[in-house]
Amino acid sequence: MLPSFARLVAAACAFAATATAVVPVVVSGKDFVNTNTKDRFQIIGIDYQPGGSSGFDGKSDPLSNGTSCLRDAAIMQHLGVNTIRVYNLSPGLNHDECASIFNGAGIYMILDVNSPLTGGYLDRTDPASTYNPTYYNQVFGVIEAFKNYPNTLGFFAGNEVINEQSVRSVPSYIRAVQRDMKDYIAKNVNRSIPVGYSAADVRDILMDTVQYMSCELENSTSSRSDFFGLNSYSWCGDSSYTISGYDVLTEDFSNASLPVFFSEYGCNKVTPRIFTEVAALYGQDMTQAFSGGLVYEYSEEPNNYGLVQLNSNGSVTLLVDYYNLQKQYNKLDLSRLQSSNTSQTSVKPVECGSSLITSSDFLNAFNLPTRPTKVQDMIDNGLSNANTGKLVSVQSTSIPETVYDYYGNVVTGIKLQVLDTDKANTPGQSTPLSTGSPTSPGASSSTASATASPSASGASSSEKSAASEVSMSWFLGALSGAFVMVGVWL
C-alpha cells in the first residue's frame with residue numbers, strides 16, 4: 001500500500017487529465033479539508049433520492065440516468081449546494097455520466113452503501129445473519145463503482161441502524177462494517193475515502209452512539225468512524241437556537257474528535273419551510289462543532305419534504321421551499337466557513353473504554369465480530385467482476401422540458417456551469433434566474449413516486465410522520481432549459 005501522501009498525489013495525477021472542478025476532500029481532526037487548498041470544507045447539501053426508497057428496484061438509481069442528473073445538477077447548482085447524499089445505489093449500473101456531471105458542477109457525493117433489497121443491508125434485529133459475503137457484494141460493489149470519481153466525498157456504512165428497535169450488539173457490527181470498508185479502500189483504492197455513520201436523533205443514546213463510533217480502538221483503528229452524520233428535525237418553523245435544542249447539540253458535539261454534520265434536516269411541521277436554522281447551523285456558535293448539513297430532500301414525495309416537484313411529463317416545478325432555502329444560503333459568510341483552524345484539525349480521538357458509555361442499555365464492549373473468510377478474500381484480491389466507474393466526457397445537451405416557479409411562471413437561465421479545477425459549487429455564484437409570463441404547465445402537479453422507506457432512506461423520525469399529512473396541492477410545475485457541456489474529458 002502506498003503511503004497516504006503518495007496515494008493522494010497519485011490520485012490527483014490520475015484525475016488531472018480527466019476532470020475539472022473538484023479535488024478530493026479528506027478528514028483532518030474534526031474538519032473536512034480540501035486536499036489542495038487546505039481550506040475547511042463545509043457541507044452545504046441536499047438529500048437526493050427521487051422516487052424514495054420504496055421506488056428502488058435495483059434496475060435504476062438516482063445516479064444512473066444522465067439526462068435526469070444533468071437537469072437536477074443544474075437546478076441544484078443554482079440553489080447553491082456543494083454536496084448530495086444518495087441513499088440507494090445499484091453497483092452494477094453505469095454511473096459515469098451522472099458522477100461526471102456532478103463533478104463538473106462542483107458538487108460532491110456522500111453515498112450510502114446499503115440497499116433495501118434482500119441481502120443489501122445489515123438487519124438491526126439480527127445483524128449476525130446479514131453480516132456475510134452476499135452483503136459485501138453490495139458494500140464493496142458501491143465502493144468499486146464510485147472510488148475513481150474525485151467528487152466521492154465519503155461512504156455511509158449505515159443509516160439509523162442503531163435505534164430503539166435494534167438489538168444490543170448492533171454497534172459492534174457497524175464498527176465491523178466500517179473496518180471492512182476502510183480495509184478494502186486501503187487495499188484497493190488509490191486514495192483515502194472517508195467512511196462514517198448516519199444516526200437517528202434519539203437523544204437517550206445519541207452521545208453513546210458517537211462515543212462508540214469515534215473512539216480509538218486498540219488493534220482495530222480502522223473500525224473508527226471518519227465522520228458522523230445526524231438526522232435531526234428539531235428546528236421547526238421560525239424556531240430558535242435554544243427552543244430547537246440546537247444549543248444542546250452544539251454543546252454535546254463540541255468535544256467530538258471527528259467531523260459531525262446534519263445528514264438530514266428540515267422539519268416540515270410548519271409549511272412552507274423558511275429554513276431559519278441555516279443561519280444557526282452555519283453561524284459562529286455551531287461551526288466549531290458541526291461541518292454543515294444536508295437538507296431533506298430534493299424531490300417532492302408523499303411525505304412532503306421536496307424542494308422541487310418532478311412532474312409526470314418530465315417537467316419540474318421549483319417549490320417555494322427551494323426559493324426560501326436559496327435565500328438563506330445566499331446569506332452565508334463563505335470566507336469564514338472555509339477558514340482553517342488548527343484547534344479543529346489537531347483534535348485526536350479518545351481511547352475506547354466502557355466508561356465512555358452512559359446508558360445501561362447501550363453496548364459497552366468493543367470486541368468486534370470476526371470478519372468472514374470470504375470477505376477477507378474480497379479485501380485481499382478485490383471484488384471479482386466489479387463494475388468500476390470512471391469519469392467520462394458528457395456532450396452538450398438540450399433538454400426539451402420547461403422549468404416553472406411555484407406560481408406557474410416559466411423560469412429561464414437554468415443551465416449547468418462548468419467550474420474551474422479545484423472549485424466546489426457555492427451559493428450565489430450561478431447566473432440569476434428570471435421568469436416569464438405565467439404559463440399553464442399542462443401537467444398534474446402530483447408525481448407518481450413512493451414514500452421513502454424509514455429503514456433505508458432515513459425518513460423515519462416522528463417529525464416526518466406527523467408532517468407528511470400536510471399538502472401543498474397549489475404547487476404546479478414543469479422544467480426546461482438548454483444545458484452546456486460539462487467539460488469532463490477522458
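Just the heavy atoms: all of them, side chains too, but no hydrogens, waters or symmetry mates, feed the values below. Just so it is clear, the model here is predicted, and its values are computed rather than measured.
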Other residues, nucleotides, ligands: >12 heavy atoms within 6.0 Å of Glu251 CD: no
Any donor-acceptor pair under 3.5 Å from [X] side chain to [Y] backbone:
X	Y	value
Asn114	Ala157	yes
Asn148	Gly389	yes
Ser359	Ile205	no
Ser214	Ser257	no
Lys327	Phe275	no

In terms of the angle between their ring planes, are Tyr329 and Tyr282 parallel, tilted or perpendicular, with boundaries placed at 30° and 60°? perpendicular
Just one of Tyr296, Tyr246, Tyr233 clears the ring pair (Phe, Tyr, Trp, His ring centres under 6.0 Å) bar with Phe262, so which one? Tyr246
Residue pair [X] / [Y], side-chain heavy-atom distance below 4.5 Å:
X	Y	value
Thr152	Arg191	yes
Leu258	Met213	no
Leu153	Phe41	yes
Arg273	Asn324	no
Met109	Arg85	no
Val410	Tyr404	yes
Leu337	Leu334	yes
Ile46	Leu294	no

Can you see whether [X] engages [Y] through a side-chain donor-acceptor pair at a distance of less than 3.5 angstrom?
X	Y	result
Asn231	Ser198	yes
Ser299	Glu301	yes
Asp61	Ser90	no
Thr287	Arg336	yes
Tyr87	Asn159	no
Asp422	Asn34	yes

When you look at Leu206 and Asp201, which way does the side chain to side chain contact (heavy atoms under 4.5 Å, CB included) test go after all the steps? CA-CA 7 Å; Leu206 181 57; Asp201 190 1; 3.8 Å; yes
Output for pair (Asn82 CG, Gln77 CD), nearest 0.5 Å, gives 11.5 Å
For a side-chain hydrogen bond (donor to acceptor under 3.5 Å, both in side chains) with Tyr241, tell me which candidate from Thr276, Thr250, Asp285 qualifies. Thr250
